[in-house]
2 protein chains.
Amino acid sequence: MAQPTICPKFEKAISLLSQRWTALVVYQLLLGTQRFSEIQSAIGISGKVLSDRLKDLEKQDIVKREVIPDTPVIIEYSLTEKGRSMEPILRTIESWSQDWFQSESEI
Amino acid sequence: MAQPTICPKFEKAISLLSQRWTALVVYQLLLGTQRFSEIQSAIGISGKVLSDRLKDLEKQDIVKREVIPDTPVIIEYSLTEKGRSMEPILRTIESWSQDWFQSESEI
DNA sequence: TTCATTAGATTACTTTATGTAACCAAGTTT
DNA sequence: AAACTTGGTTACATAAAGTAATCTAATGAA
């Protein structure tokens, strides 16, 4: 029984998206350029994990990190073209969640 | 600075999809009803975690479990309507992955 | 000069998730 | 009875994520 193997590109995408916080960080940056602490307080992620995720996402060319010499230094994060290209994925999830999940108040 | 809070429905969907293996299990079941061992060998997941995931997905009404009294017993897993409604999400990820990821052989 | 402040990040440590491999149940064949 | 089968579970090891304290480098207050 030769199982059709799962496409490696698809697997890479899935493994990226199934890493905790990744999708929420990208979703948050769809709103525009943000600083470390803005992302942190918006999605409620710990500094340690946000730092890890942003490094991963930078390495994968999804997020761009820009250092602005001010005092204290300002670091701005934004989506690259590849990052922005993920918008349809997030929108599809968003719309599915509206159709199929109840809000707490409806329970 | 009142941060707009992230929608709870969306957060639920994201937390479901960012659980390792969940998306791949659903993707696999889009091909049709399958048995435990078929899913297992198709996506390379351990029995323990597959068992956990299927229980979660059943509880969330995404997967249906059917016991067929044969010998040894046959257990068939399939998607519910809610499960099938996730297809657009998987297809969007699939298409994004084709556009933005290199296959190993292209590196 | 010394101290406190700041944003971004790291470190040490705890808790949770996942992986591995051995084992179990119940019916069947040998 | 012993061995085989599928769909699990269990015990244990490793990896990932959470928490809280700490670091750095520039600056301004005391």
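Chain identifiers are assigned alphabetically (A, B, ...) following the order of the sequence lines, protein sequences preceding nucleic acid strands; residue numbering begins at 1 within each chain.
- Heavy-atom contacts of chain A under 4.0 Å fall on DNA chain D between two terminal nucleotides, which in 5' to 3' order are D/dA17 to D/dT27.
- Side-chain atoms of B/Glu66 never come within 3.5 Å of backbone atoms of B/Tyr77 as a donor-acceptor pair (strictly under, hydrogens ignored).
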**OP:** For the pair B/Lys55 and B/Arg65, evaluate side-chain contact (heavy atoms from CB on, under 4.5 Å) and give the outcome as yes or no after the intermediate values.
**Re:** CA-CA 9 Å; B/Lys55 271 186 242 167; B/Arg65 180 185 194 268; over 6 Å; no

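- Listed for the B/Ser51 side chain is no donor-acceptor partner under 3.5 Å among the backbone atoms of B/Gly47.
- Between A/Arg91 and A/Glu94 there is a salt bridge, since at least one side-chain N of the basic residue sits less than 4.0 Å from a carboxylate O of the acidic one.
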Subject >> Under 4.0 Å protein heavy-atom contact, by nucleotide of nucleotides 6-20 of chain C - B base, S sugar-phosphate only >> reply: BSSSBBB-----BBB

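- In summary, the aromatic rings of B/Tyr27 and A/Phe10 are positioned with their centroids under 6.0 Å apart.
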**OP:** In sequence, state the C-alpha distance, the side-chain angles, and the governing distance for A/Gln98 and B/Cys7, and then conclude on side-chain contact (heavy atoms from CB on, under 4.5 Å).
**Re:** CA-CA 9 Å; A/Gln98 297 311 304; B/Cys7 168; 3.4 Å; yes

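- Ring-plane geometry between A/Phe101 and A/Trp96 is classed as perpendicular, the angle between the planes exceeding 60 degrees on a 0 to 90 degree scale with a lower cut at 30.
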